[in-house]
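In what follows, chains are A, B, ... by sequence order, proteins preceding strands, each numbered from 1. In this text the structure is predicted, and so the values were computed from the model without any measurement.
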Number of protein chains: 2
Amino acid sequence: MRSPAELTEAFRAHGLKVTPQRQLLFRLMHGNECHPTAESLFQSASEQMPGISLRTVYQTLNDLASMGELRSLDLGTGAVRFDPNIDEHHHVVCDRCGDIRDVYVSGSDALSIQGLDGFAVSNTSILFNGLCPRCSAVSE
Amino acid sequence: MRSPAELTEAFRAHGLKVTPQRQLLFRLMHGNECHPTAESLFQSASEQMPGISLRTVYQTLNDLASMGELRSLDLGTGAVRFDPNIDEHHHVVCDRCGDIRDVYVSGSDALSIQGLDGFAVSNTSILFNGLCPRCSAVSE
DNA sequence: TGCGAATCTGCACTTCTTGAAGATTGGCAA
DNA sequence: TTGCCAATCTTCAAGAAGTGCAGATTCGCA
Ligand SMILES: [Mn+2]
Ligand SMILES: [Mn+2]
Ligand SMILES: [Zn+2]
Ligand SMILES: [Zn+2]
């Protein structure tokens, strides 16, 4: 995702308005590596801007996602996650604490795949589940 | 998933009752390659057994899943899918018609993965999205 | 055949997300 | 700088998927 300043430019260039709510979300998402949900962003946003609505958070995030500025991820954790990292990457979810981290996979062209015959695949996502270092230490 | 007859055995052996509702679901799921949702199974089940409740369908499928007889899959299609194929395999979803097919992947040990340090990974799932042969022909 | 635990049904309720409508406001034009 | 109006925001209702609960029913052993 581009910087708040660049997004401001881009929004205005496209005839979209730059509201305080949007700017706040630009800031909250920029460089955010937590893979937050709309709800958790709403919490953060509410601290700085009491009265902001959850609907606006959803709206803005979805808009950013459809502009390609961020990615919305369904990692099977209940709510959709928003990710400003739009590089090709995958994820690992800690099934105990819910922590999510980026995973970079290379060499997938060497995979032997059976069953995709005729399919025009537009996206491939790999999801790892398990216990994060902290949680696996605890459960020993 | 084992056959209806075998499941009947197994259920009784574990002190679980074998009801007509359960038997019907055993039959509907056995060898089912459609990756149905609870709702769609409820539709099918209702034809043969009017009055069966959606609650019972969910209950039975979840029970079978926790017994390891079938797998419940979140493929990002809204509702959970149930799969009697418990061999290690992955899936491809047609984003237009919703069709789901099995995908078998081998050679994944040759992948170069970065970001899993310290994680105790218990499951890896690969999801392909795209257009099935039929749908990609249509959209040409 | 009878009994009691297991199961089923019906329904309320939760969570996540979107639709709709009216109030508000950003940004350009004058 | 002011005013306008389309875009945006807030609020609230509602949809979709699933689960918890309670009372009615039934399987399966004695
Ligand atoms: Mn990420
Ligand atoms: Mn499958
Ligand atoms: Zn953890
Ligand atoms: Zn298709």
message = Can you tell me if A:Asn62 touches the phosphate of C:dT17, counting only side-chain N or O atoms and a distance under 4.0 Å to OP1 or OP2?
response =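 Answer no for this pair, as no side-chain N or O of A:Asn62 is under 4.0 Å from OP1 or OP2.
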B:Gln43 and B:Glu47: side chain donor to acceptor below 3.5 Å = no
Whole angstroms only, please: what is the [atom1]-[atom2] distance between [X] and [N]?
X	N	atom1	atom2	result
B:Leu64	C:dT7	CG	P	12 Å
A:Tyr58	C:dA20	OH	P	18 Å
B:Gln23	D:dT26	CD	P	15 Å

request  = List in numerical order all residues of residues 76-86 of chain B for which some heavy atom is under 4.0 Å away from an atom belonging to DNA chain D.
outcome  =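 Residues of residues 76-86 of chain B that come under 4.0 Å of DNA chain D are, in numerical order, B:Gly78, B:Ala79, B:Val80.
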ask   = So which residues get pulled into B:Leu73's cluster when ILVMFWY side chains under 4.5 Å apart are joined, directly or through others?
value =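 When side chains under 4.5 Å apart are linked, the cluster holding B:Leu73 also contains B:Leu75, B:Val93, B:Ile100, B:Leu127.
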request  = Decide yes or no for A:Arg2 and A:Phe26: does some side-chain heavy atom of the first lie under 4.5 Å from some side-chain heavy atom of the second?
outcome  = no
ask   = In Å, rounded to the nearest 0.5 Å, how long is the span from CG of A:Asp99 to CZ of A:Arg134?
value =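 Reported value, rounded in 0.5 Å steps: 7.5 Å.
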task = Just need the stems in DNA chain C: three or more back-to-back Watson-Crick or G-U pairs, each with both distances under 3.5 angstrom, sorted by first number.
result = C:1-30 with D:1-30
query = Could you write nucleotides 1-12 of chain D as a row of B, S and -, 5' to 3', where a protein heavy atom under 4.0 Å of any base atom gives B, of only sugar-phosphate atoms gives S, and otherwise -?
reply = -----BBSSBB-
request  = Kindly write out the residues that satisfy side chain to side chain contact (heavy atoms under 4.5 Å, CB included) with B:His89, not counting sequence neighbours, or none if the list is empty.
outcome  =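 B:His89 satisfies side chain to side chain contact (heavy atoms under 4.5 Å, CB included) with B:His35, B:Asp83, B:Asn85, B:His91, B:Asp102, B:Tyr104 once adjacent residues are dropped.
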All N/O contacts under 3.5 Å from nucleotides 28-30 of chain C to the protein, with atom names and distances to one decimal?
none

